[in-house]
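Below: the structure, in structure tokens.
Atoms within each ligand, like the ligands themselves, are counted from 1 in listed order. What's counted below: heavy atoms across the whole structure, side chains too, no hydrogens, waters or symmetry copies.
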Amino acid sequence: MKLVEIKNLSKSFDGVEVIRDISFDVEQGDVVAIIGSSGSGKTTLLRCATMLERVSGGSIYYHGDCMVETINGKIQYASRDNLKKIRRHYGLVFQNFNLFPHMSVLNNILEAPVKAFRQPKEETREMAMKLLAQMGLEDRADAYPCQLSGGQQQRVAIARALAMQPDVLYFDEPTSALDPELTGEVLKSIKDLKQQGRTMIIVTHEMEFARNVADRIIYMANGVIEEMGTPEQIFNNPQSEKTKSFLGRTLY
Ligand SMILES: Nc1ncnc2c1ncn2[C@@H]1O[C@H](COP(=O)(O)OP(=O)(O)OP(=O)(O)O)[C@@H](O)[C@H]1O
Ligand SMILES: [Mg+2]
């Protein structure tokens, strides 16, 4: 079953097309890394796929359910109720953690499931503590975000996303706001998630990580998918001159 299906996606800002004709599928358990230069449209792609931005064309399906469809140039989003259901399929982890600063770690995790989705508090609390333990943070449940390192905050953000039990997790440069010594601990947590069979779509500038963890690499350039393949294909045998040049610049 295709968990995510993106077809001919495009997005313009003020008449300027920043991504176009983006198509790819993600199966259960796939880890997809999206790489590419600054400004190539990676964040825009994630924002369109997660409804933070409206698309300018194309179609997106989660588990076969239509989020948005473009037929004969007419863009049609699903109904509000259906969009709410579809929203449950994915979680998002941002570059800058975006934790609620006035809430404890535990309450950051409980906020959406308990307050917004009215899940039972005790059960959800237990799950949240398990997720924190998995992130190595079980003893920080009562801390506030400002009392944590960037790497710890990012792991709380991952636990928070997981607490909604999404089928697929999106990451937008999860380590680029971190000092190098904190990057490793977050990448390790993401690797552990792969071991558990989590489906993930990860925008990253960490090429070694992409190579080791992803099942598939999408290389974006100037708003399009320039090349897509296994890490072996992309890193060891890139076909496109643009890919070769990008990797030449970033790997050495
Ligand atoms: N809200 C917006 N309004 C106008 N232009 C935008 C907006 N968001 C993004 N863009 C433009 O779209 C293009 C793609 O931006 P995007 O942020 O998706 O790139 P990116 O690949 O994520 O880059 P980076 O690696 O620096 O994060 C850029 O030219 C950017 O200026
Ligand atoms: Mg970006």
For [atom], what is the nearest protein heavy atom, given as residue, atom name and distance?
atom	result
atom 17 (O) of ligand 1	Thr43 CB, 3.7 Å
atom 12 (O) of ligand 1	Val18 CG1, 3.2 Å
atom 27 (O) of ligand 1	Glu173 OE2, 3.4 Å
atom 14 (C) of ligand 1	Gly39 O, 3.4 Å
atom 6 (C) of ligand 1	Phe13 CD1, 3.3 Å
atom 21 (O) of ligand 1	Lys42 NZ, 2.8 Å
atom 26 (O) of ligand 1	Ser38 OG, 2.6 Å

(request) Decide whether the shortest distance between a heavy atom of Gly223 and an atom of ligand 1 is less than 4.0 Å. (result) no
(message) Quick check: Ser40 and ligand 1, any N/O pair under 3.5 Å apart?
(response) yes
(request) Can you label the angle between the Tyr170 ring and the Tyr62 ring as parallel, tilted or perpendicular, going by 30° and 60°? (result) perpendicular
(message) Does Lys7 have more than 12 heavy atoms from other residues, nucleotides or ligands lying within 6.0 Å of its NZ?
(response) no
(message) Quick check on contacts: which atoms of ligand 1 are under 4.0 angstrom from a heavy atom of Thr44?
(response) 9 (C), 14 (C), 15 (O), 16 (P), 18 (O)
(request) Find out if a path of hydrophobic residues (ILVMFWY) with successive side-chain heavy-atom gaps under 4.5 Å connects Ile109 to Tyr144. (result) no
(message) Let me check your reading of the structure: within less than 2.8 Å of the Mg ion (ligand 2), is there an N/O/S atom from Thr43?
(response) yes
